[in-house]
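Quick caveat, the model's predicted, so the values are computed rather than measured. As the structure lists them, so they are numbered: ligands from 1, and atoms in each ligand from 1.
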Amino acid sequence: MSFSPNVVMVTGGAGFIGSNFVRYVLANSDDMKVVNVDCLTYAGNLGNLTDIADDARYVFEKYDICNTDEIVAVCQKHNVDAIVHFAAESHVDRSITGPGEFVRTNVQGTLSMLQAARAAGDVRFLQVGTDEVYGSLGEEGLFTEETPLDPHSPYSASKAAADHLVSAFGTTYGLPVLTTRCSNNYGPYQFPEKMIPLMINNARHDKPLPVYGDGSNVRDWLYVEDHCSALWAVLTKGDTGRVYNIGGNSEKRNLAVVVAILRYLDKPDSLIQFVTDRPGHDFRYAIDASRVYQELGWQPSVSFEAGLAQTIQWYLDNQDWLDQVVSGAYKNYYESMYAGR
Ligand code: NAD
Ligand code: DAU
């Protein structure tokens with residue numbers, strides 16, 4: 001049975017995927033109201049939303065998801081009837097150097113959001129999850145929704161814990177929950193600590209491009225707008241209590257992605273610098289997304305080649321945005337991570 005929300009709360013709506021999702025919902029509905037709840041960490045940036053900031057259907061509420069009572073009050077104030085929960089610490093390398101914040105935001109924060117959803121009247125709750133909870137694949141095979149969870153990094157462990165809490169709230173309290181697990185996203189407004197925007201940013205300054213290990217690791221890339229349309233399909237057409245894998249069917253080795261970026265920018269391969277591998281680096285992620293294809297009629301619409309070209313061009317056209325995010329907390333982080341490499 002389909003579900004038509006009137007007021008959607010988007011947590012983490014000032015981040016990469018969240019801001020694209022807010023824009024997607026407003027562009028694809030007439031009178032849907034969107035309430036963006038974000039506490040604006042280093043990764044949250046209202047500059048991601050300047051084009052829709054004055055839309056009467058959009059509201060920004062600056063709150064921390066860990067403050068349950070405040071989230072309940074925001075739900076009640078706006079009559080929220082669906083929550084799409086993006087807010088998280090999302091970068092694997094940061095989770096290796098500082099796992100505590102990941103447990104606070106991703107585990108305690110998700111628990112807090114689930115309690116708020118219950119208290120606000122059993123609001124429909126979509127947990128935006130990651131394929132990293134399934135662990136790592138060899139050269140063959142795909143993650144299905146039945147693959148046992150086997151997280152390897154503090155980031156994926158915290159996301160797996162969050163997924164378990166979501167499932168438990170569905171089973172124990174009957175909260176109408178849905179969970180998605182998606183592969184690597186790329187596109188506009190991604191913070192340049194993640195591989196694709198980091199490589200674009202370095203290449204434009206002729207700085208070395210740090211490839212972990214030998215660059216043979218594989219990720220399945222999905223253009224962010226395709227993730228947004230999949231999330232919308234799951235929220236409005238999915239069965240509660242169910243998990244939905246989302247993927248781009250577009251596996252690439254890291255080195256191939258980096259070389260493609262250099263080619264587009266007409267920069268030399270000599271910028272590539274092989275650096276010490278990420279500890280516990282998962283070798284390969286690949287998704288079997290047949291459930292969303294067959295049950296919800298969704299499929300990706302942007303090929304990796306077209307999406308990458310569009311993405312690189314977006315960063316070239318928005319160098320002010322890049323300069324602005326790189327000059328803040330990220331700058332110190334970047335220098336501490338890559339100094340001397
Ligand atoms: P991001 O790091 O770009 O954005 C996270 C947002 O959450 C930021 O705006 C930040 O300010 C906000 N936030 C963090 N802690 C908060 C708190 N305590 N209270 C309120 N807001 C808070 O992340 P992203 O890459 O857009 O990922 C969004 C979600 O999608 C995450 O849950 C992530 O696990 C999941 N996901 C990401 C990918 C990917 O490739 N990026 C793939 C699959 C799933
Ligand atoms: O699979 C979904 C996940 O994808 C999301 O849940 C995470 O939030 C998101 O950050 C992403 O995780 P990854 O670790 O796969 O993404 P990242 O961009 O950090 O790295 C992609 C690959 O590139 C990975 O194999 C590590 C490698 N890499 C990364 C960086 C930042 C490099 O070789 N050099 C780098 O500088």
Check ligand 1 against Tyr155 and write out every atom of the ligand that is under 4.0 Å from a heavy-atom position of the residue. 33 (C), 34 (O)
Hey, does Glu193 come in under 3.5 Å of ligand 2, counting only N/O atoms on both sides? no
Within 4.0 Å of some non-hydrogen atom of Ser90, the atoms of ligand 1 are 1 (P), 2 (O), 23 (O), 25 (O)
Using the side-chain hydrogen bond (donor to acceptor under 3.5 Å, both in side chains) definition, which of the options Asp163, Thr179, Thr180 pairs with Gln127? Asp163
If you measure every N/O of Phe86 against every N/O of ligand 1, is any gap under 3.5 Å? yes
Considering distance alone, does some N or O of Met199 sit under 3.5 Å from an N or O of ligand 2? no
Element-labelled atoms of ligand 1 that are located less than 4.0 Å from some non-hydrogen atom of Asn184: 40 (O)
Do Asn217 and ligand 2 have an N or O pair less than 3.5 Å apart? no
Work out which heavy atom in Lys207 is nearest to a heavy atom in Leu271; give both atom names and the distance. O-CD2, 3.8 Å
Classify the contact between Tyr63 and ligand 1 as side chain, backbone, both or neither, using a heavy-atom distance cut-off of under 4.0 Å. backbone
Considering only heavy atoms of Thr41, which atoms of ligand 1 have at least one such atom less than 4.0 Å away? 10 (C), 11 (O), 14 (C), 15 (N)
Answer yes or no for Ser19: is there a heavy-atom contact with ligand 1 below 4.0 Å? no
Which bit of Leu40 is near ligand 1, meaning a heavy atom under 4.0 Å away: side chain, backbone, both or neither? backbone
With only distance considered, is Tyr285 within less than 3.5 Å of ligand 2 through an N or O on each side? no
Short N/O distance, under 3.5 Å, between Glu132 and ligand 2? yes
Any carboxylate oxygen within less than 4.0 angstrom of a Lys/Arg side-chain nitrogen, looking at Asp64 and Arg104? yes
Has ligand 2 got any nitrogen or oxygen that is less than 3.5 angstrom from a nitrogen or oxygen of Ile196? no
Below 3.5 angstrom, do we get any N/O pair linking Asp282 and ligand 2? no
For ligand 1, which atoms sit closer than 4.0 Å to a heavy atom of Ser183? 42 (C), 43 (C)
